[in-house]
Amino acid sequence: MTELRRSLLEWYGRQGRDLPWRHQSDPYAIWVSEIMLQQTQVKTVIPYYQRWLDRFPTIKDLAIADLQTVLKAWEGLGYYARARNLHKAAGQIVRDYNGVFPQRLDEVLTLAGIGRTTAGGILSAAFNQPWSILDGNVKRVLSRLVALPVPPKKAIEQLWQLSDTLIDPQHPRDFNQALMDLGAIVCTRSRPSCDRCPWMPYCQAYSQGMQAQLPMRESSPPLPHKRIGVAVIRNDEGLILIDRRPANGLLGGLWEFPGGKIEPNETVEDCIRREILEEIGIDIEVEDHLISIDHAYTHFRVTLIVHYCRYLGGEPKPIQCEEVRWVTLEEIDRFPFPKANTKIIEALRQNN
DNA sequence: CACTCGTGGGG
DNA sequence: TCCCCAAGAGT
């Protein structure tokens, strides 16, 4: 056990990554990094990270910020509940802890968006507390270390126990970071570099020649596909109608061009006309096709079929959304949009 | 507890 | 082109 820890920490000292949040001692800055890194690769997070800290330097700055501003800063990162929860938790900390990030595990776990892995990550990185972690990297490393004979999802508690047992009580911060770096650099999911791994002598997957087959994965059913009719509605002044999605759920709180699912035996034009009447309560005429966009979410795929539309009449009302608004193409950038919709905005710009 | 929740990149 | 999945949490 001692040699296992020592060899990993020695490797980390030589080969560990230099990442922006590792220069931070402010628990807030570390917390932000942990949330951004949930299910998101380091390379994706980096351009967002410093920008976020510049815009919201302290917990109080984040707490008093408007949610729309927060979502705009998060735009493009995905899993927008993370941004909503970050904003909510900042309010919790200001209210319950006088704006100071708590240092007890049970308190940290009450904060929105922080579960067991993120709590352990923050407390070990910020305060060098000996809480273990179990993220994607650690699951893969440990699955190979013990040659786990089942998919990780079916052995979560066993893996937590292993992470608890392994963590170095003398160097919890460096140990957790080292374990994640090992997964990210050496014990990668494809073509792991076992010849450069400090744990090669202890790895059961390696000794069995099974490192390429582990961790085991479970088959997933094919994703459903939806066709969505989308409207770019323009009025006589050339303004464009956008709506804000419900606060929770898919893309919650973001803005979009209105539309909806094309039913069987329904034309795109009929769908768009129907959806706009149901959602916003106005009459439109569906005109030229603008663009079609294929986009894959985690649990389904969509094809957005986008048409220009002309506003005919009726008062726009937020029936199945939170808010509707007429905007110009110039001011539309101030609103947070999902990625698939920013492609529509690009197409609009190119047509002008 | 199985399902929901984005986006980008690798193979 | 298609599948997989990445510093997971909430319900």
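Chain letters run A, B, ... following the sequence lines, proteins first and then strands; every chain starts at 1.
Protein chain A touches strand DNA chain B; the 5'-most and 3'-most nucleotides with an atom under 4.0 angstrom of its non-hydrogen atoms are B:dT4 to B:dG11.
Residues A:Ser124 and A:Gln129 form no side-chain contact, since every pair of their non-hydrogen atoms from C-beta on lies 4.5 Å or further apart. A 4.5 Å side-chain heavy-atom check between A:Phe257 and A:Leu348 finds at least one atom pair inside the cut-off. Contact of the A:Ile240 side chain with the A:Val232 side chain is registered, since non-hydrogen atoms from C-beta on lie closer than 4.5 Å. Considering only heavy atoms from C-beta on, A:Tyr97 stays 4.5 Å or farther from A:Ile59 through its side chain. In this structure the side chain of A:Arg82 never reaches within 4.5 angstrom of the side chain of A:Gln39, judged on heavy atoms. Looking at heavy atoms from C-beta onward, A:Glu256 lies in side-chain contact with A:Asp243 at the 4.5 angstrom threshold.
A:Glu34 has its CD atom 16 Å from the P atom of C:dA6, to the nearest Å. In this structure, the CZ atom of A:Arg82 is 18 Å from the C1' atom of C:dT11, given to the nearest Å. Rounded to whole Å, atom P of C:dC5 lies 10 Å from atom CZ of A:Arg140. Across the protein-nucleic acid pair, A:Lys139 atom NZ and C:dG8 atom P stand 7 Å apart, rounded to whole Å. At whole-Å resolution of the value, CG in A:Leu111 and P in C:dA9 are 12 Å apart. In this entry the distance linking CH2 of A:Trp31 with P of C:dG8 reads 18 Å, nearest Å. Taking atom CG of residue A:Leu109 and atom C1' of nucleotide C:dG10, one finds them 13 Å apart after rounding to whole Å. One interatomic measurement links the two molecules: CG of A:Leu250 to C1' of C:dA9, which rounds to 16 Å at whole-angstrom precision.
Residue contacts shown for A:Ala184 are absent, as no nucleic acid heavy atom lies under 4.0 Å away. At a threshold of 4.0 angstrom between heavy atoms, the contacts of A:Leu77 include nucleobase atoms, whether or not backbone atoms are also involved. Using a 4.0 Å heavy-atom criterion, one finds that A:Gly252 contacts no nucleic acid atom at all. Backbone-only engagement by A:Ile114 is indicated by non-hydrogen atom pairs under 4.0 Å involving sugar-phosphate atoms exclusively. Contacts of A:Ser190 with the nucleic acid, taken as non-hydrogen atoms under 4.0 Å apart, involve only primed sugar atoms and P, OP1 or OP2. A:Arg84 comes within 4.0 angstrom of nothing in the nucleic acid, heavy atoms only. Across all strands shown, A:Gly121 has no heavy atoms under 4.0 Å from either base or sugar-phosphate atoms. Within the 4.0 angstrom heavy-atom criterion, base atoms lie near A:Thr298. Among the heavy atoms of the strands lying under 4.0 Å from A:Trp21 is at least one base atom, whether or not backbone atoms are also near. Among the protein residues, A:Arg22 comes within range of the nucleic acid bases, having at least one heavy atom under 4.0 Å from a base atom.
Closest of all the heavy-atom pairs between A:Pro102 and A:Val108 is O-CG2, 3.6 Å.
Residue A:Gln38 is the one, among A:Arg191 and A:Gln38, whose nearest nucleotide of DNA chain B lies closer to the 5' end (criterion: closest heavy atom).
With values rounded to the nearest 0.5 angstrom, A:Gln350 atom CD is found 9.5 Å from A:Leu290 atom CG. Expressed to the nearest 0.5 Å, how far CG of A:Asn235 lies from CD1 of A:Ile282 amounts to 9.5 Å.
Residues forming a side-chain contact (heavy atoms from CB on, under 4.5 Å) with A:Ala296 (at least two apart in sequence, or on another chain): A:Arg301. When the side-chain hydrogen bond (donor to acceptor under 3.5 Å, both in side chains) test is applied to A:Arg310, the partners found at least two apart in sequence or on another chain are A:Asp236.
For A:Trp255 and A:Gln68, the side-chain atoms include at least one donor-acceptor pair closer than 3.5 Å.
Of the P atoms belonging to C:dA6 and B:dC1, the separation is 23 Å, rounded to the nearest Å. The gap from the P atom of C:dC4 to that of B:dC3 amounts to 16 Å, rounded to the nearest Å. To the nearest whole angstrom, the two P atoms, one in C:dT11 and one in B:dG6, are 14 Å apart.
The stretch residues 174-183 of chain A has no heavy atom under 4.0 Å from DNA chain B, so no residue of it qualifies as close. Interface residues of residues 154-166 of chain A facing DNA chain B, ordered by number: none; criterion, heavy-atom separation under 4.0 Å.
Between A:Glu346 and A:Arg349 there is no salt bridge, since none of the side-chain N atoms of the basic residue sits less than 4.0 Å from a carboxylate O of the acidic one. The existence of a salt bridge linking A:Glu10 and A:Arg6 is excluded, since no basic side-chain nitrogen approaches an acidic carboxylate oxygen closer than 4.0 Å. Between A:Arg51 and A:Asp54 there is no salt bridge, since no side-chain nitrogen of the basic residue lies less than 4.0 Å from a carboxylate oxygen of the acidic one.
Under 4.0 angstrom from either OP1 or OP2 of C:dG8 there lies at least one side-chain N or O belonging to A:Gln39.
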Nucleotide N/O of nucleotides 2-4 of chain C paired with protein N/O under 3.5 Å:
| unit_1 | atom_1 | unit_2 | atom_2 | d |
| --- | --- | --- | --- | --- |
| C:dC3 | OP2 | A:Arg301 | NH2 | 3.2 |
| C:dC4 | OP2 | A:Ser220 | OG | 2.9 |

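Geometric assessment of A:Arg5 against the ring of A:Phe175 yields a negative cation-pi assignment under the 6.0 Å and 45° thresholds.
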